[in-house]
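Lettering of chains follows the sequences in order, A, B, ..., and the numbering in each one begins at 1.
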Protein chains: 2
Amino acid sequence: MNTENRGLSERKKQILKAIVDAHIEGGGPVGSKYILQNQQLSCSSATIRNEMAELEEMGYLEQPHASAGRVPSELGYRFYVDSLIERYAMTTNEIAQINNLLKAKMGELDQILLAASNLASNLTNYTGIAIKPRVQSVSITKFETIYLEPDHYILVAVTSTGAVKSRHIHGDYPVTQATVTRLATALNDHLTGLSADQITLPIIMKTEAQMGIDAQTVGTVIKVIYELLSELDAGEMRVSGIDRLLQYPEYSDVSQLQELLGTLEKKEDILNLVSRTETNDINVVIGSESEVKVMNNSALVFKPIVKDGKTVGAIGILGPRRMDYAKVLATLEGLSGNIADLIHGNNQWNGGLPDGGNQSNGNA
Amino acid sequence: MNTENRGLSERKKQILKAIVDAHIEGGGPVGSKYILQNQQLSCSSATIRNEMAELEEMGYLEQPHASAGRVPSELGYRFYVDSLIERYAMTTNEIAQINNLLKAKMGELDQILLAASNLASNLTNYTGIAIKPRVQSVSITKFETIYLEPDHYILVAVTSTGAVKSRHIHGDYPVTQATVTRLATALNDHLTGLSADQITLPIIMKTEAQMGIDAQTVGTVIKVIYELLSELDAGEMRVSGIDRLLQYPEYSDVSQLQELLGTLEKKEDILNLVSRTETNDINVVIGSESEVKVMNNSALVFKPIVKDGKTVGAIGILGPRRMDYAKVLATLEGLSGNIADLIHGNNQWNGGLPDGGNQSNGNA
DNA sequence: GATTAGCACTCAAAGCAAATGAGTGCTAAA
DNA sequence: TTTAGCACTCATTTGCTTTGAGTGCTAATC
């Protein structure tokens, strides 16, 4: 991901930075004259042209066509993001916004992430993404049953990630309050700590045998649990502020936009990308650096949210490749800090575990 | 919504229908000659022109500009949908698809709705919408608590609509297993059947007094319950297949598209529209018939899903005004039938109440 | 009175050519 | 190494013409 690009002279760096900045702001190719005017450089446009030609040769710039200005290449952006970017300081106003909106939403992790990605989208004017990554293996820490009617009870499961899931169960055979209570105990004894792929036939049979409850009921419940676990593994992703994309001319090409929306809908690709990421730092994925198709003139910036050493979610920003990285990075950094505070819980009535409970609504 | 439009001659109806059909298929204005060719009418193009002129005068047709063909007006579409539309029979293939995909998803209502709107989007090639409408007043039927650690327990609530919601609670004061159990009993005694606006200060105080649990803990829990209830009232909406919109030329105007995506994001308008609808039939909202802005050249077709006399959700299709209503209506009809079957539960292990449990992720 | 053929008219859309101008590369001088 | 100068390139804009689908109207016909 990093090339040996230290070999750039100060002037080259300054020119490259100027071009990227200008391109981020304006969107179009940047010419030598423009740089001369908006930059204090003690040289002429011809010199700048020479430098630009060299930068192009080195792969940092591209020329859409012979008589156009230069546009940063993917490599150019990468260098910019890694080395040239200027720290953007959030305004107190923005910080206040984050605090207010996030504190108000302080409920389950789901909602915090959603609110945060929303906020990120608002603050940066790009598209926000809230992600709950796939996890290798969730297990269930605690079972509980709620008896409602003779043929109807609810199974509640608390997962190892702190999420609470539930399922209504309508049995064919009437069950009693007592049976249902016994069921919970039995499940707690035998099935806690197992992930979906650990629930094998032997275990099921052993459980059935030792439970002293009719096999039908047990079978039904185990099936439900299995489904629950599979669902928990799946990961989820929510997008907010798609409409913002449209204001950038790079997306006025309908076919391009269509493909991008397609990948956003499918969710698969982005979910994979984020789930597979190992670092907890902010990630900047520019264009074809990722295996995600169609991101060619787009970039995705995302920041994992970590709780107890585990990645429990991520918030991200999707926008044109020429996005205002300084601002985006600062925003995500700020938000993730606040989220960390929230989920490490210093608030009165809620704030401990991530994931108060509900994370259905997967990607269908 | 209905004008006295019975005064149309058979031939006028035929011509109007032909124009609408042609426009749905092609998208452009329809001329007299085209109709003559694709329709068996024993008259000439001049006669058709005359009829068209009259239809325009009556408000059923519009002319984009003087030398263009005719385009159906909103009124024209309304008449078409109400009177002229031909029943579309779903293919066995499509029916099979519905059955398979829906049966596979048979879990909570949330997921069924989502899967259904997704499927609707696939089958019709327009954008699908899954809606859980606002409800006036949900109450909680049953409380349960799950003890985890000395300062940490989970509150589980079963609502009157059958949804199960939960919240982690981290108390400032240690609680015991026994306290937590007692808490559940007390809540079940005092707070079941109340909606958010019925939880008033007197009731809270009375509950606190009779509970015999420290006021802090009770106060915290009641606050959580209140928030839970408010959240349940809120309604939710999910969109799938936005990218499909782009294939219709009416949305290649970026600014239009942007506004439409905006309303889809806000959700407010559509949620209101659906929540306020009283009939359980399929609704067709064409363009500016609704108060929803920006739907000018779009139409929304939706079908409420009813369970025990209550509207528990809706699935809908959003597309260009010139959408294939016959197909859309048939699809929604078919899907809603299947959903009704599912939630009235004739399946072995699950199927009774709607809403197994999880419907967080509201509109932030 | 309804229908039709015929014709003049309209107007968006497509095609074409010239003008514009931002920006470059190269060369030769400083 | 830098720079001024100049010829060259090429996307974009502009104005113009052509095309053709489609209409409205009128006068003849059924």
| query | End-to-end bend of the helix from dG1(C)-dC30(D) to dA30(C)-dT1(D) (five-pair axes, 10° rounding)? | reply |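 Result, rounded to 10 degrees: 20°.
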| query | Can you pull the salt bridge (Lys or Arg N to Asp or Glu O under 4.0 Å) pairs that have at least one residue in residues 35-44 of chain B, sequence neighbours excluded? | reply |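 Applying salt bridge (Lys or Arg N to Asp or Glu O under 4.0 Å) to every pair that reaches into residues 35-44 of chain B, excluding sequence neighbours, yields nothing.
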| field | Residue pairs involving residues 240-257 of chain A (criterion salt bridge (Lys or Arg N to Asp or Glu O under 4.0 Å); sequence neighbours excluded) | value |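 Of all non-adjacent pairs touching residues 240-257 of chain A, those that pass salt bridge (Lys or Arg N to Asp or Glu O under 4.0 Å) are Glu250(A)-Arg322(A).
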Just how far, in rounded Å, is [atom2] of [N] from [atom1] of [X]?
X        : N       : atom1 : atom2 : result
Arg11(B) : dG1(C)  : CZ    : P     : 17 Å
Leu36(A) : dG23(C) : CG    : C1'   : 14 Å
Lys12(B) : dA2(C)  : NZ    : P     : 10 Å

| message | For Glu74(B) and Ser288(B), which I'm curious about, is there any donor-acceptor pair between the side chains at under 3.5 Å? | response | yes
| task | Go through the side-chain N and O atoms of Ser298(B) and Tyr251(B) and say whether any donor and acceptor fall under 3.5 Å apart. | result |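 Yes, side-chain donor-acceptor contact under 3.5 Å.
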| message | Here's a test of your reading of the structure: between His65(B) and Ser42(B), which maps to the more 5' nucleotide of DNA chain C? | response | Ser42(B)
| said: According to side-chain contact (heavy atoms from CB on, under 4.5 Å), who are the partners of Tyr34(B), at least two apart in sequence or on a separate chain? | reply: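 Residues passing side-chain contact (heavy atoms from CB on, under 4.5 Å) with Tyr34(B): Ala22(B), Val30(B), Asn38(B).
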| task | Using side-chain contact (heavy atoms from CB on, under 4.5 Å) as the criterion, list what pairs up with Ser45(B), not counting sequence neighbours. | result |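 Ser32(B), Leu36(B), Arg49(B).
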| How does protein reach along nucleotides 23-30 of chain D, written 5' to 3' as B (base within reach of a heavy atom under 4.0 Å), S (only sugar-phosphate), or - (no contact)? | BB------
| request: Let me see the working for Arg70(A) and Glu56(A) under side chain to side chain contact (heavy atoms under 4.5 Å, CB included), right down to the final yes or no. | output: CA-CA 8 Å; Arg70(A) 300 304 209 292; Glu56(A) 179 170 6; 2.7 Å; yes
| said: Taking CD in Glu25(A) as the centre, count heavy atoms belonging to other residues, nucleotides or ligands within less than 6.0 Å. Is the count above 12? | reply: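 Open: at most 12 neighbouring heavy atoms sit under 6.0 Å from CD of Glu25(A).
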| dT3(D) OP1/OP2 closer than 4.0 Å to side-chain N/O of Thr47(A) |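 Thr47(A) to dT3(D) OP1/OP2: side-chain N or O found under 4.0 Å.
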